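The block underneath contains the structure these notes are about, expressed in structure tokens.
Every chain is numbered from 1 and lettered A, B, ... according to where its sequence line falls, protein lines coming before strand lines. Computed from a predicted model, the values in this text were never measured in an experiment.
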Amino acid sequence: MQPANLALITLFAPLVAAAINGLFLRRRGVAAAALSVLAAGTSLVAGLTLILTAEPFSVSASWLSLGGFHLELGLLFNSLSALMLFVVVVVGFIIHVFSLGYMSDDPCRGRFFAGMSLFMFSMIGVTLADNLFLLFVFWEMVGLSSYLLISFYFEKPSAVAAGNKAFIVNRVGDFGFLLGIIWVYWTYGTMSITEVTHLADSGLVKTGIGLLIFCGAVGKSGQIPLHVWLPDAMEGPTPVSALIHAATMVAAGIYLLCRVGAIMTGEALTVIIWIGVATALYAGFCALPQKDIKKILAYSTISQLGYMVAAFGLGAKLALVGGDAHGVHAAVNGGVAAAMFHLTTHAFFKALLFLGAGSIIHACHHEQNIFNMGGLARKMPVTFAAFTVGLLALVGIPPLAGFWSKDAILALAYESNTLIFWLLVFGALLTGAYMTRLWVVAFLGQPKSGKAENAHENGWVITLPLIVLAIGAALAGFRGLYPEAFSGVLNAVPHPEEGLGMIIGAGIAAGAIGILGAWFFYRPGAMQDNLQRSAPAVYRFLAARLWFDEVYGWYVAKVQQRLAQLLSFLEQVFVSGLLVRGAAGMVGLVGLGTRALHTGSIHGYVYWFFFGLVALWLLSIGL
Amino acid sequence: MSVGLEDYLAVSGLLFAIGFFGVLLRRNTLIIYMGLELMLNASTLALVAFSRYNNTMDGNVFVFFIITVAAAEVAVGLAIIVALFRKRQTIQVDQHNALRN
């Protein structure tokens, strides 16, 4: 089959499922679930066939032609999109299967699976789109499906608020992204990713464009200062958190950076690096005092996304400064490779951790507070084992996946900047600490509530995806296992040439210190956070998360709302009052005057007729 | 004493004035209608007088048409007044002020 047709099947199968589910099967959960899983399976088969058989290609068709403005829709398939597509279809399919079990007792499954399929369609679209315009369309559609799925439990006010928050915060980032796209078109006269990359190669790069496009990634990938929506997004069902808010959609920002990395200047890259590093550390601290199992994982996701952003910036800047043969504008440099590699391994182990959390939550009847769990290791052995694999992979313990990709990022940092290197190493320590805290409190000790007491292992529909993902999380770090199609990206993953022992040693040591510290600090079976008991001031400071939400709340309520009220007042007075009502009022006054002439008495009309006649007569005789 | 154009015109003007003030001042629709007819006849009288004075037939031809049309108009007008009376049980014009304001 033609590669383009395969790509189209991969893309449109979920859309068909979404349309049928959304329009006809909203009350038939079983049929909707089967259809969505079938569509995800179709995408998986077609996508994998495409990845394994197709050479890189690009097809496009003219869609809109307005004078000198031409808009093309098309697909661009290369090793970068192959890797992203691989992540999306594989993780997507596994999570669809998991959802069969997790959502089995939900009456609104039709709506849920319609949203999931719509998301798959949009995300595959983001992966394959060949121009920025089309990419932006799909970008907004992943935002929409994310919104729909976060607010899935719409009878809960907090879920509705979280959905709105995610949508609005993403609008802020997407506004910058849109401005960046317009600026790209203004500068280069095209929006095709291939052509823009090619033109940018010849030196027409602007810092502003890069930063504006980065705005989109900041919003979608939860970087400071637009990270606030991602922890709240955990209000959605757990498979949604795993698929959208951990493995794929939030990684779209990283993918965007890698896809159009050529338009970044050195200054823009410096900003990107520091935002990534700050996010990685900040989110690590935020995860420490959290009690909700999903929020811990959400902050962990933000932190790892920070690593990816920093990796992209570091590698691209190295290539820019070093001016090596590939150059910063080559499709794949060390930064792109390291970021995408970490994205891939992260998708596996973070989806695993979220599904593990989902398995726990399902078994504990929607209990999410880890201090109400405890003792789950004996009750849920499969989940426990899989979760432990995911945890070790995330912390970066060899030979699991996270070790290899984090190692590549640390190698880039070591080569560029010692301070950043040590900051990222410290981030690895935090990762070990907050993950081990979760693990100790939730799995060890005695059950701390009736729900945890009665928990038991879930059925195979839930545990099988965990096992598959655990194998993935264990093996995803070995680049030799990947098919040839990804070699364009994976061969460029940086190898530390000097300081190898230092990098590996620091990375492992940081993770181990984090794990051991938390192991001894948090006692299994404690009903309360040990940090809260021993150092309440520190705990409160960390739990406040640098007051981002409060500052935004203050800004919206006290600054923006006041400005809006002022503008509304001016609008009421001038536009609505003076112009609109004023014009209507004038007409009304004239109407009042002329209406008085209509007396309804025939004699009045005769008088007027008579006066009119006299006037005409006077006029005709020249007075 | 001979009767000249001026006398005819004086009678015509008098008739017209009577009809006009009848229309202007009376409230009964029938009387107003009679006033209208008086004005119409005043104008025909003036036309006949001018026709005679100029020794042409033009005015007389007009008058024939006016009389014909007036007959038709009376039929229609009276029918309207009867219909109005049936509808509102009165033919006083100050009761018929539905168009007021």
Side-chain angles (χ1 to χ4, degrees), chain A residues 160 164 556-623, chain B residues 9-10 12-47 50 66 69-70 73-74 76-101:
Chain A
V160 175
N164 284 342
V556 169
K558 297 285 149 107
V559 181
Q560 190 175 297
Q561 187 65 14
R562 295 284 153 80
L563 181 66
Q565 277 167 351
L566 177 70
L567 290 178
S568 160
F569 174 74
L570 292 179
E571 195 267 349
Q572 290 285 325
V573 169
F574 289 104
V575 179
S576 184
L578 230 54
L579 294 179
V580 177
R581 302 235 167 96
M586 282 299 291
V587 174
L589 275 178
V590 172
L592 270 182
T594 50
R595 204 161 63 195
L597 299 177
H598 280 270
T599 56
S601 148
I602 204 160
H603 298 118
Y605 298 131
V606 173
Y607 276 114
W608 281 113
F609 179 74
F610 181 62
F611 288 139
L613 211 60
V614 169
L616 275 178
W617 176 65
L618 288 176
L619 202 67
S620 64
I621 63 171
L623 271 175
Chain B
L9 289 184
S12 167
L14 193 63
L15 275 178
F16 191 89
I18 293 171
F20 180 72
F21 284 106
V23 168
L24 207 56
L25 301 176
R26 301 303 296 264
R27 291 184 178 163
N28 189 318
T29 314
L30 278 173
I31 307 291
I32 289 173
Y33 202 63
M34 285 157 67
L36 282 174
E37 291 299 316
L38 268 182
M39 287 193 284
L40 203 60
N41 285 327
S43 63
T44 47
L45 181 61
L47 277 170
F50 282 122
I66 290 175
V69 171
E73 184 215 319
V74 167
V76 174
L78 282 176
I80 290 175
I81 291 172
V82 169
L84 199 62
F85 180 76
R86 283 184 165 185
K87 183 109 179 140
R88 312 287 291 264
Q89 309 303 321
T90 173
I91 48 169
Q92 300 294 315
V93 284
D94 49 359
Q95 305 284 314
H96 297 289
N97 57 357
L99 282 180
R100 180 184 167 79
N101 289 346

Which distance, rounded to the nearest 0.5 Å, do you find between the [atom1] of [X] and the [atom2] of [Y]?
X: A:Leu566; Y: A:Gln561; atom1: CG; atom2: CD; result: 12.0 Å
X: B:Ser43; Y: B:Ile66; atom1: OG; atom2: CD1; result: 5.0 Å
X: B:His96; Y: B:Thr90; atom1: NE2; atom2: OG1; result: 5.0 Å

Any residues in residues 21-37 of chain B near chain A, with a heavy-atom distance under 4.5 Å, and which are they?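 The residues closer than 4.5 Å to chain A, in numerical order, are B:Val23, B:Leu24, B:Leu25, B:Arg26, B:Arg27, B:Ile32.
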Ring geometry between B:Phe20 and A:Phe610 (parallel below 30°, tilted from 30 to 60°, perpendicular above 60°): tilted
Spell out, as yes or no, whether a donor-acceptor pair under 3.5 Å connects the side chain of B:Gln89 to the backbone of B:Arg86.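 Pair found, side chain donor or acceptor close to backbone of B:Arg86.
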Please enumerate all residues that pass side chain to side chain contact (heavy atoms under 4.5 Å, CB included) together with A:Ser601, with sequence neighbours excluded. A:Thr599, A:His603
